[in-house]
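The structure appears below as structure tokens.
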Amino acid sequence: MAKYIKGETSSEVIENKEKITNSIINKTKILNQSIKDKVLPYGLSLNKYNNVTLGNVCKWECEELYVYKYAYTTGNSSTNSDYTEDLKKAIMNINQAIVKNEINDQSKLESNEQPSRKETKKSLKAKNLRLSIELQEVKNNVVEVYRGYCQLKQFIENNDFDNDTYHKLLRKQSSIINKKRLKVIK
């Protein structure tokens with residue numbers, strides 16, 4: 001026996017359609033907001049003529065922004081045609097802003113800061129290792145700060161004391177933590 005009856009749509013397909021529709025709506029909002037912020041959205045690439053195209057927007061994917069890639073024909077389906085028209089207007093507006101030099105491309109700004117070079121697997125592994133070590137240092141520092149906070153909170157709840165005692169306790173806690181451990185990790 002078949003899982004679905006003829007003509008019935010599965011819940012996965014319905015969820016995927018809703019995800020794509022929401023992605024089109026989010027892309028329109030993000031493009032309109034980027035015109036106000038005067039910065040090209042993260043992950044959106046320009047073509048060789050420094051324009052945003054509908055194809056690039058369809059391929060644009062960034063989970064943090066809740067935008068997902070989809071096929072051009074999916075965007076032009078009957079359920080998404082109205083949203084795609086709004087998206088096309090947003091693309092036209094952002095292209096006009098790019099022509100007027102009102103929008104900065106983040107990728108170009110970042111590439112001006114660092115010389116562009118290809119990263120090898122070895123350099124990526126070394127970078128990954130360095131970042132994981134820094135992340136572990138940050139985690140350790142957060143744990144120590146939280147532990148100090150819990151001790152201070154418990155002391156305040158257990159003892160009735162005035163503001164001067166509170167400041168003395170804070171100074172004592174800050175002197176315990178090594179200043180090297182509180183350094184800003186770049």
Gap between atom [atom2] of [Y] and atom [atom1] of [X] - 0.5 Å precision:
{"X": "Ile20", "Y": "Asn80", "atom1": "CD1", "atom2": "CG", "value": "7.0 Å"}
{"X": "Gln154", "Y": "Tyr149", "atom1": "CD", "atom2": "OH", "value": "12.0 Å"}
{"X": "Glu137", "Y": "Leu135", "atom1": "CD", "atom2": "CG", "value": "10.0 Å"}
{"X": "Ser77", "Y": "Tyr83", "atom1": "OG", "atom2": "OH", "value": "11.0 Å"}
{"X": "Lys100", "Y": "Lys38", "atom1": "NZ", "atom2": "NZ", "value": "11.0 Å"}

Query - Polar contact flag, side-chain donor to acceptor under 3.5 angstrom, Thr28-Asp86 - result: no

Query - Exercise: do Asp37 and Gln33 side chains pair donor with acceptor under 3.5 Å - result: yes

Taking the side chain as every heavy atom from C-beta outward, state whether [X] and [Y] have any atom pair closer than 4.5 Å.
{"X": "Ser34", "Y": "Val39", "result": "no"}
{"X": "Gln96", "Y": "Asn93", "result": "yes"}
{"X": "Val67", "Y": "Ile24", "result": "no"}
{"X": "Ile91", "Y": "Leu31", "result": "yes"}

Requested in this report: Go through the steps for Ser132 and Leu129 under the test side-chain contact (heavy atoms from CB on, under 4.5 Å), then give the verdict.
Outcome: CA-CA 5 Å; Ser132 64; Leu129 179 64; 4.1 Å; yes

Could you give the side-chain donor-acceptor pairs of residues 53-64 under 3.5 Å, partners two or more places apart or in another chain?
{"residue": "Thr53", "atom": "OG1", "partner": "Asn56", "partner atom": "N", "Å": "3.1"}
{"residue": "Thr53", "atom": "OG1", "partner": "Asn56", "partner atom": "ND2", "Å": "3.4"}
{"residue": "Asn56", "atom": "ND2", "partner": "Ser45", "partner atom": "O", "Å": "3.1"}
{"residue": "Trp60", "atom": "NE1", "partner": "Tyr42", "partner atom": "O", "Å": "3.0"}

For the side chain of [X] and the backbone of [Y], is there at least one donor-acceptor N/O pair under 3.5 Å apart?
{"X": "Asn95", "Y": "Val52", "value": "yes"}
{"X": "Thr21", "Y": "Lys17", "value": "yes"}
{"X": "Asn22", "Y": "Glu18", "value": "yes"}

Query raised in the report: Can you list the steps and then say if Val143 with Arg147 is a side-chain contact (heavy atoms from CB on, under 4.5 Å)?
Result: CA-CA 6 Å; Val143 167; Arg147 189 176 299 133; 3.4 Å; yes

Hey, can you pull the donor-acceptor pairs under 3.5 Å for the side chains in residues 68-75, sequence neighbours left out?
{"residue": "Tyr72", "atom": "OH", "partner": "Asn76", "partner atom": "ND2", "Å": "3.1"}

Query raised in the report: Which heavy atom in Ala90 sits nearest to a heavy atom in Ile35, and how many Å separate them?
Result: O-CD1, 4.3 Å

Query - Electrostatic pair Glu85:Lys88 at N-O distance under 4.0 angstrom - result: yes

